[in-house]
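Here is the structure we will look at.
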Amino acid sequence: MTNSQILGTIEATNPVLTVAPSKEETEMLGATNKITALYCRLSQEDERTGESLSIENQRMMLEAYARQNHFTNISCFVDDGYSGVDFQRPGFQKMLEAIESDQVSTVIVKDLSRFSRNSAMSGMLINFTFADHGVRFIAINDNYDTIDPNSVNNDFAGIKSWFNEFYARDTSRKIRAVQKSKGERGVPLTVNVPYGYLKDPDDPHHWIIDPVAADVVKRIFDMCMNGRGPLQIAKQLKADRVLTPTAYKESQGINSPNKRSENPYAWQDSTVVHILERMEYTGCTVNFKTYTNSIWDKKQRENPIEKQAIFPNTHERIIDDEVFEKVQEIRQQRHRMTRTGRSSIFSGLVYCADCGSKMLYGATNNGDPKQDYFDCSLHRKDKEKCNGHFLRAKVLERMVLKHIQTVMDYILRYESYFRRKMEAKLRLDSTEQIRIRRKKLEQNEKRIAELKRLFIRIYEDNASGKLSDERFDMLSQSYEAEQKQLEAEAITLQQEIEVQERQNENIEKFIQKAHKYVGIEELDGYALRELVSAIYVDAPDKSSGKRVQHIHIKYDGIGFIPLNELLKEETA
């Protein structure tokens, strides 16, 4: 369709020409210095319908109409790629600001759908906001003009707006259905590839590793494993002049949804957290991470993990599963700093063996790092409830390192025997734990089935009039809340059972780690967190006249290792 054809159609069907302002009115309008706002909008869905809706054609049509009808002081406002249901369009908002500051006399659009696909909001703006500021509104192809309120076409505008809204709803449903189908097949739904990956030139749905960015991702995980928090990591990257993800993508000619900071090295702790929590770095695709309530409410809300669709091994991993899981555990722990600004690699791992409370990291007044210590947090709050378990951080480090060295050396020399002993120990522990969890899971499943039956019964009683609406609402809400709680608990129990059943795998993984750390001479945060999940400190024993204190180390994946028992059998 040519431009002349479009304009010809407008001239033949538009009755607004019969009420065009006179020359005197036009001169007076120009004298007020108010603008005639021409508004153009094109969404991604509209773009598929053809050239006639393009921004260029809309602009040409509106400018020709304004000239033919003697509108002056023309200003064009454009939103390219924005949905009509969204009123936070930059061009629209700029025009609205001009209207509310009384700078606009007339708004002209191609048709009502270009202005909005929300019938309620468009009616409020046209009938109230525009009217309050004396703004004339014209929709050319819909023959709509607020200067003639008695026009039959104006009466039908509400119906047309409703159909425009229906079109948006229908389009949204179709898009959601397509996205759901793609997401359930494992096709990545995110448009922006995570930092550390690139789109495969041969397959845009497949990601390949970006070596430069992937090295930064690995470094961030390493620093977290070594006990550094997001803020400390961000400061280190900034000091080392590492480009932020947004700045790096721009340097590579890749579009980014985020605005670039004036300082391309200004890492934020929120950026670090976002990287540390992205499961995609383990080589999996994660779909349906967020959702929106409706086409009107575009706020992205996080989906619970059970409603997400996770597809493993869809692309090359940057981070191992064990490291990712350990980092998530670390993220849940609070790393306490002393008043000197120091922190300990043991923070978040040390517990009181008597009361189970965390032991807090502290420093003495003289500022000597050799005097830093751990003590029971409950004892600090109430000395009557738990005894002091005071232990110097340096002493703790020596004790833990010695224990790890002994365990690693033992595994190196007696691997087969160690495997058999740990399998037997874990089998006994797991059998009881699995029995308890399965019994609880069975109880939960029975109660969930019972709640479903109860809900059907109260629904029937309410429908027959035996149960009031108020009582039905109260009972249904109570049953629904209980059912959700039980279902969430059932998922957790099932996961715990699966973990217990994979104990032999954990033993093999730990043995592999042991080979990695044979001969370890110095303990760093990464090694500590890869091997250890918790350390329990006994209260000091002074009964012999000397201060004796023991620790118990819970190793990652396999729990407590009966080291003394193993060593006795070795010497027997």
Side-chain angles (χ1 to χ4, degrees), residues 83 85-87 117-124 158-159 161-186 189 279 286-311 332 431-501:
S83 169
V85 301
D86 180 11
F87 280 90
R117 290 193 183 275
N118 184 325
S119 58
M121 285 296 294
S122 61
M124 187 183 71
I159 297 174
S161 292
W162 184 87
F163 272 107
N164 291 332
E165 180 178 316
F166 175 79
Y167 173 83
R169 288 177 182 273
D170 187 54
T171 302
S172 176
R173 279 194 292 268
K174 290 174 181 176
I175 292 173
R176 284 172 183 261
V178 171
Q179 290 293 88
K180 186 173 185 293
S181 176
K182 289 168 61 178
E184 289 174 345
R185 295 199 312 269
L189 297 182
M279 196 183 295
V286 185
N287 288 331
F288 312 123
K289 294 171 73 173
T290 60
Y291 70 96
T292 55
N293 280 331
S294 69
I295 60 172
W296 316 124
D297 182 4
K298 296 296 183 181
K299 182 180 179 181
Q300 296 285 330
R301 293 171 171 82
E302 288 192 9
N303 242 342
I305 189 70
E306 61 269 17
K307 291 188 177 181
Q308 297 177 19
I310 302 173
F311 301 88
Q332 299 300 317
T431 300
E432 180 61 16
Q433 291 296 326
I434 291 172
R435 187 189 66 79
I436 294 170
R437 285 176 170 84
R438 279 186 174 157
K439 184 177 180 180
K440 179 63 176 173
L441 180 60
E442 185 179 340
Q443 291 172 348
N444 284 10
E445 289 173 344
K446 284 182 180 178
R447 179 58 180 168
I448 290 170
E450 182 183 355
L451 288 170
K452 289 178 179 178
R453 290 193 297 271
L454 287 171
F455 187 84
I456 293 171
R457 186 183 303 168
I458 64 170
Y459 178 80
E460 292 173 346
D461 289 347
N462 178 250
S464 64
K466 295 180 181 179
L467 190 67
S468 67
D469 291 343
E470 293 80 6
R471 184 69 175 166
F472 172 78
D473 290 340
M474 184 189 73
L475 289 172
S476 62
Q477 289 175 13
S478 174
Y479 291 160
E480 187 176 0
E482 184 182 358
Q483 183 175 334
K484 285 183 178 179
Q485 181 182 349
L486 289 171
E487 286 173 346
E489 189 176 300
I491 292 171
T492 302
L493 286 168
Q494 188 61 50
Q495 291 173 344
E496 290 175 352
I497 290 170
E498 290 172 1
V499 169
Q500 291 290 335
E501 290 175 340

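Asn287 contributes a side-chain N or O that, together with a main-chain N or O of Leu189, makes up a donor-acceptor pair within less than 3.5 Å. Ser122 contributes a side-chain N or O that, together with a main-chain N or O of Asn118, makes up a donor-acceptor pair within less than 3.5 Å.
With sequence neighbours excluded, the residues that form a side-chain hydrogen bond (donor to acceptor under 3.5 Å, both in side chains) with Arg185 are Ser181. Every residue two or more places apart in sequence or in another chain that forms a side-chain hydrogen bond (donor to acceptor under 3.5 Å, both in side chains) with Asn444 is listed here: Glu489.
Between the CD atom in Glu445 and the NZ atom in Lys440 there is a gap of 12.0 Å [rounded to 0.5 Å]. Between atom CD of residue Gln443 and atom NZ of residue Lys439 there is a gap of 6.0 Å, rounded to the nearest 0.5 Å. For the atom pair Ile491 CD1 and Leu486 CG, the distance stands at 11.5 Å (nearest 0.5 Å). One distance of note links CG of Asp473 with OG of Ser478; it measures 12.5 Å at 0.5 Å rounding. Atoms OH and CG, on Tyr459 and Leu467 in that order, are 13.0 Å from each other to the nearest 0.5 Å. The distance from atom CD of Glu460 to atom CZ of Phe472, rounded to the nearest 0.5 Å, is 11.0 Å.
Under a cut-off of 6.0 angstrom, the local environment of CZ in Arg447 is crowded, with over 12 non-hydrogen atoms contributed by other residues, nucleotides or ligands. Shown here is Gln485, whose CD atom has no more than 12 heavy atoms of other residues, nucleotides or ligands within 6.0 Å.
The heavy-atom pair separating Ile458 from Ser476 by the smallest distance is CD1-N, 3.9 Å.
The residues Lys446 and Glu450 are annotated as not salt-bridged, no charged nitrogen and carboxylate oxygen being separated by less than 4.0 angstrom.
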